[in-house]
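Just so you know, these numbers come straight off a predicted model, no measurement behind them.
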Amino acid sequence: MKVLIVGINGMLGKELTNVLAKKHEVIGIDSNPAASIPGIDIQKADICDQKSIYEKITKINPDIVILTAALTDVDLCETEQDLAYKVNALGPRNVALACQRFDTQMLYISTDYVFPGDNKKDKEGYKEFDKTGPVSYYGKSKLYGEWFVKNLLNKFYIVRTAWLFGKDRMNFIDGNAQALQKGQKIRSCTDMIGCPTNVLDLSIAIEQLIESGLYGIYHVTNSGFASRYEISVKIADIIGSQKSLIEKVIQKDLKLKALRPEFCPLIGYNWKMSGFKPLRSWQDSVEDYLRKYLNSSNPN
């Protein structure tokens, strides 16, 4: 299968390349192709430039396009809403229009932030077909992107995931671990509850999905859920740091520009019912990641 990854130099794009290149032909597009991946053809194009992305995709003529590129800074999306719409809504539209020409498959990476995060009564989370209702403009812009993909294409996958962590980009897991290792205090929310997801596990799941031909909307995260505070405590346990360094806070204490969903675990119901196995627990995935991370950070 010829796979085109748009946003290949991002954290997920790089991990996807590592996973998919073992069996498939992988080609990349990125707005900044300078950080090249050995052995992979990476071409320059911006998803906001409709003409450029159309020409690149149709010339490559892949079997599937995986769109990982997005504006993921939640607070920036709140203050720069036109930019967020341009990247997260019109960007997917532009990619989908290019896929239309040869009836090319498309996989779009979306987010748990398309939901309001208010279903604490259920104590489960959101299934793929539950009612959306984002509380931030980031979530709105990603939902608009989903709309374009669903309405322009017949052969599509929409993968909603959450709280990604992995190598090559600073993330919540890395930031907590680094601060705790240095004996620094951290503030961690008790009212932000979701599913930490290792990009390695997500990439393996995406490979299974695109090889299946089972189009649709899927929730794909590591299993289980926790608050940001509970995740910080787990990190402290793994690396042997003092839990007293972790201060419990709530969202309003952080004075964030954009509101985050409070209770937003994703339930992979369609994933499970389609015959796919659940991803490993977030605890096992975080521990495995941090063991490797600590070993690479402390070679001695």
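- Side-chain contact check for Ile173 versus Ile231: some heavy-atom pair is nearer than 4.5 Å.
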Starting from the C-alpha separation in whole Å, work towards a yes-or-no answer on ring-ring contact (aromatic ring centres under 6.0 Å, His included) for Phe225 and Phe263.
CA-CA 9 Å; Phe225 58 84; Phe263 187 83; 5.4 Å; yes
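- Ring orientation note: the planes of Phe115 and Tyr126 are close to parallel, at an angle under 30° on the 30°/60° scale.
- Within the 3.5 Å criterion, the main-chain N or O of Ile217 finds a donor-acceptor partner in the side chain of Asn270.
- Listed for the Gln251 side chain is no donor-acceptor partner under 3.5 Å among the backbone atoms of Leu259.
- Residue-environment remark: NZ (Lys44) stays at or below the threshold of 12 foreign heavy atoms within 6.0 Å.
- A salt bridge (charged side-chain N to carboxylate O under 4.0 Å, His left out) with Glu146 is found for exactly one of Arg93, Arg160, Lys140, namely Arg160.
- With rounding to the nearest 0.5 Å, the separation of CG in Leu180 from OG in Ser232 is 7.0 Å.
- For the atom pair OH of Tyr85 and OH of Tyr144, the computed distance is 8.0 Å after rounding to the nearest 0.5 Å.
- Of the possible polar contacts, none joining the Asn222 side chain to the Leu279 backbone as a donor-acceptor pair under 3.5 Å is found.
- No donor-acceptor pair under 3.5 Å is formed between the side chain of Lys167 and the backbone N or O of Tyr289.
- Between the side chain of Gln105 and the backbone N or O of Lys155 there is no donor-acceptor pair closer than 3.5 Å.
- Look at Arg260 and Asp75 and you find a salt bridge, because one of the NZ, NE, NH1 or NH2 atoms lies within 4.0 Å of a carboxylate O, short of that distance.
- Ring geometry, Trp271 versus Phe276: the interplanar angle falls under 30°, so the pair is classed parallel (tilted spans 30 to 60°).
- Tested against Val65, the residues Leu107, Ile5, Val95 include a single side-chain contact (heavy atoms from CB on, under 4.5 Å) partner, Val95.
- Side chains of Asn9 and Ile37 form a contact here, defined as non-hydrogen atoms less than 4.5 Å apart.
- Atom CE of Met170 sits in a crowded spot, with more than 12 heavy atoms from other residues, nucleotides or ligands closer than 6.0 Å.
- Gln43 contributes no side-chain N or O that, together with a main-chain N or O of Ile29, makes up a donor-acceptor pair within less than 3.5 Å.
- Asn151 places a side-chain N or O within 3.5 Å of a backbone atom of Trp147 that can act as its donor or acceptor partner.
- Once rounded to the nearest 0.5 Å, the distance linking NZ of Lys243 with NZ of Lys234 reads 9.5 Å.
- Of the possible polar contacts, one joining the Asp253 side chain to the Ile250 backbone as a donor-acceptor pair under 3.5 Å is found.
- The pair Asp82-Lys86 fails the salt-bridge criterion, with no side-chain N (NZ, NE, NH1 or NH2) lying under 4.0 Å from an Asp/Glu carboxylate O.
- Not a single donor-acceptor pair under 3.5 Å links the side chain of Thr221 to the backbone N or O of Ala162.
- A donor-acceptor contact shorter than 3.5 Å is absent between the side chain of Asn176 and the backbone of Ile186.
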